[in-house]
Amino acid sequence: MRIARFTAGEEPGFGVIESSGSQQIIAEIVGDPLYQGVEFTGQRFELDAVRLLAPVIPRSKVVCVGRNYVDHAAELGNDVPDEPLLFLKPNTSVIGPGDPIVYPRQSSDVHYEGELAVVIGRICRDVPVDRTADVIYGYTVGNDVTARDLQKQDVQFTRAKGFDTFCPLGPWIETDLDVSDLAITTDLGDQERQSARTSQMIFDVPTIIAYVTSVMTLLPGDVVLTGTPAGVGPMQPGDEVAVTIEGIGTLDNKVVSRD
Ligand code: MG
């Protein structure tokens, strides 16, 4: 099932994406499916006629894994970590598909990082590796936008990863998907810049969720970004960046200057 958050001009709501012939339809549901399950209102919209929003607003945090693909660790001159390397992005950095990534004044080297995003469905801690499927609601596409110059300057990642608009998520949550070996690509304009498979992750999704929950409680709606493959690089105002994951879809955003 594909769950989207959208607006048809009024209050944002949630819906299920359905196909009707060649047309895609969004069937509105009551409330937030993370808390209320899926109950249809009976309202249906053409997908083209609504604006999609970030499919989830993380309840408390976005937990990220750094250096989780060998080739990406190498391209930035880093060793592969022995354990997942964790950092946080604030939930205020989240934007939706089509929303602008705002280039901050403080940086002159803002990079895209296409990533598989895990959406948590239940409050959980100390989840064993073989039970992590029980706490995962679904998957979406993420872009861990990073001010690379500030990341190097600060050592700590908070500023470099935490600007408003630095966490695009979408276009929707896919709830039924085996994510162990999916193609992931990032295009900048018409140029493909990242191309890998999720099977190349050093730490797979169950290992990551078990590790994160051994450190901190995750809440429904929290998001875990699983790391980016090789090919990261700079974006400029005016650029369009598109991250695509097989079985989920494409997350498109445009970079705009601050002023
Ligand atoms: Mg990243």
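Starting from 1, each residue takes its place in the sequence as its number. Predicted model only: the values in this text are computed from it and were never measured. One-based numbering, in listed order, for ligands and for the atoms of each.
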Note to self: For N/O/S atoms only: which one belongs to Glu113 and is nearest the Mg ion (ligand 1)?
What the structure shows: OE1
Next item on the list: For the residue pair Thr186 and Gln194, confirm or rule out a side-chain donor-acceptor distance under 3.5 Å.
Entry: yes
Check: Relative to the Mg ion (ligand 1), which of the N, O or S atoms in Asp144 is the closest?
Finding: OD2
Check: Around Glu46, counting heavy atoms of other residues, nucleotides and ligands shown, do more than 12 lie under 6.0 Å from its CD?
Finding: no
Notebook entry, point to check: Are more than 12 heavy atoms from other residues, nucleotides or ligands located less than 6.0 Å from atom CG of Asp82?
Noted result: no
Note to self: Using ring centroids (six-membered ring only for Trp), state whether Phe6 and Phe45 fall under 6.0 Å.
What the structure shows: yes
Check: Any idea which N/O/S atom from Glu115 gets closest to the Mg ion (ligand 1)?
Finding: OE2
